[in-house]
There are 2 protein chains.
Amino acid sequence: MKLSNTSEYAIRILSFMARNPERKYAAKYLIEQLKISDKYLRRILTTLSKEGIITSSQGREGGYTFQKKIQDIFLSDIIDATEGMEKYLGCVLGFKECSDENPCAFHRQWVTTRAKIVHDFQETSLTDLNLNANIKF
Amino acid sequence: MKLSNTSEYAIRILSFMARNPERKYAAKYLIEQLKISDKYLRRILTTLSKEGIITSSQGREGGYTFQKKIQDIFLSDIIDATEGMEKYLGCVLGFKECSDENPCAFHRQWVTTRAKIVHDFQETSLTDLNLNANIKF
DNA sequence: GCAAAATACTATATCTAAGTAGCATTTAAA
DNA sequence: TTTAAATGCTACTTAGATATAGTATTTTGC
Ligand code: SF4
Ligand code: SF4
């Protein structure tokens, strides 16, 4: 019922970068602005880079830029890249998956709720978050 | 997005007990039936007892019985007793809570989704789960 | 009263996510 | 070509949830 810290950080970092999507961001600058531990932030950005969301350039004048348009980067992409979505499959109550023919009363409700959760994350892009000038980083 | 193991165990144990709600269950029996570690199960049941969901009786012939009618024990009660619900408040994306006047696009969607999540857990009782004879413990 | 059978408590061990440290590698300006 | 400034990799540490072990306490039948 809660995203991992790593996912939350990834979303915060990318949202911050989305304010100026064309620019190249150095880790050092992001660390200053977002107050995230040096190596932890770098690890997250390396992951996002390998997952195809951003591009990293090494060496002097290196940094991170978006690999895709920010309107095409959805929250579900970011969550997938950091913590994965597998654990949200199966029965949320922890039972061995029951037969679909005779589900409990909760099952019927939860099917639509889970669909709504997934839908929300799949439909919201970095552009949607960025519309709000009030976000506190 | 996932319940804690402890919550899942609590739900499994109570659902099992709900099959015969009047009977007194000894920990030893539940351990055999549900294949949960001795001390871990006992700890969970002690917690549920202190939280007013079940009653424990010590000593020889002791065990655990329901303190309330099973149709009045909702999933939200069990989750509250074991892991609490606090972590699900605040911004699910990990931002400092923004002003409600100018929320991001995700906020509007998530308000209704979260309400549906909470509603599902608050409306489903042990009786509802127990209606399904197919549940695998 | 005593022993058996049950729960309660406290301390310890294990596992995984979170966070930190140090060194290696890459790149381009000088 | 050297060197500064950036990212990448591997190992270690920390914290919290999960799980186990051992002992204490309670209750009842005898
Ligand atoms: S029927 Fe109920 S217990 Fe079974 S998998 Fe669905 S939600 Fe879980
Ligand atoms: S407006 Fe968006 S970022 Fe701010 S609290 Fe709501 S969901 Fe989170």
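All values below come from the heavy atoms of this structure, side chains included, with hydrogens, waters and symmetry mates left out. The chains referred to below are lettered A, B, ... by the order of the sequence lines, with proteins before strands, and numbering in each begins at 1.
Place A:Y40 and B:G63 on DNA chain C by their nearest nucleotides, and B:G63 ends up nearer the 5' end.
Contact between the side-chain N/O atoms of A:Y64 and the OP1/OP2 oxygens of D:dG8 is found at a separation under 4.0 Å. Neither OP1 nor OP2 of C:dG19 sits under 4.0 Å from any side-chain N or O of A:S37.
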Shorter than 3.5 Å, N or O on both sides, protein versus nucleotides 11-17 of chain C: list them out with atom names.
{"unit_1": "C:dA11", "atom_1": "N6", "unit_2": "B:R43", "atom_2": "NH2", "d": "2.9"}

Tabulated below should be each protein N or O lying under 3.5 Å from an N or O of nucleotides 23-26 of chain D; please produce it.
{"unit_1": "D:dT26", "atom_1": "O2", "unit_2": "B:G59", "atom_2": "N", "d": "3.3"}

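Spacing between atom NZ of A:K35 and atom C1' of C:dG19 amounts to 18 Å, rounded to whole angstrom units. Spacing between atom NZ of B:K50 and atom C1' of C:dA8 amounts to 8 Å, rounded to whole angstrom units. The distance from atom OH of A:Y29 to atom P of D:dA5 is 19 Å, rounded to the nearest whole Å. The separation between A:Y25 atom OH and D:dT7 atom C1' is 18 Å, rounded to whole Å. Atom CD of A:E32 and atom C1' of D:dA6 are 14 Å apart (whole Å). Distance B:R42 CZ to C:dA5 P: 13 Å, rounded to the nearest Å. Protein atom NZ of B:K28 is 8 Å distant from nucleotide atom P of C:dA5, rounded to whole Å. Between the CD1 atom of B:I44 and the C1' atom of C:dC9 there is a distance of 16 Å, given to the nearest Å.
B:T82 and B:T6 share no side-chain donor-acceptor pair at under 3.5 Å. Using modelled atom types and a 3.5 Å distance limit, the side chains of A:T65 and A:K24 yield no donor-acceptor pair. Between the side chains of A:S56 and A:K50, no donor N or O sits under 3.5 Å from an acceptor N or O.
Each of C:dG19, C:dA8, D:dA6 was ranked by its minimum atom distance to the side chain of B:S56; first place goes to C:dA8. Nearest nucleotide to the side chain of B:T46, out of C:dA28, D:dT7, C:dC9: C:dC9.
Under a hydrophobic-cluster definition in which Ile, Leu, Val, Met, Phe, Trp and Tyr are linked whenever side-chain heavy atoms come within less than 4.5 Å, directly or via other members, A:L93 and A:Y88 are assigned to the same cluster.
Rounded to the nearest 0.5 Å, atoms CD1 (A:I70) and CG (A:L14) are 10.5 Å apart. For the atom pair B:S125 OG and B:K68 NZ, the distance stands at 11.0 Å (nearest 0.5 Å). Between atom CD of residue A:E123 and atom NZ of residue A:K116 there is a gap of 11.0 Å, rounded to the nearest 0.5 Å.
A:Y29 carries A:R23 over the face of its six-membered ring, with the cationic atom under 6.0 Å from the centre and within 45° of the normal.
At the heavy-atom level, A:S49 lies nowhere under 4.0 Å from the strands shown. Contacts of A:Y9 with the nucleic acid, taken as non-hydrogen atoms under 4.0 Å apart, involve only primed sugar atoms and P, OP1 or OP2. Across all strands, A:K24 comes closer than 4.0 Å to no nucleic acid atom at all (heavy-atom distances).
Here salt bridge (Lys or Arg N to Asp or Glu O under 4.0 Å) pairs that include residues 71-88 of chain A, with residues two or more places apart or in two chains, are A:E83-A:K87.
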Criterion ring pair (Phe, Tyr, Trp, His ring centres under 6.0 Å) on B:Y40 and B:Y9, from CA distance to verdict: CA-CA 10 Å; B:Y40 194 18; B:Y9 279 134; 5.5 Å; yes
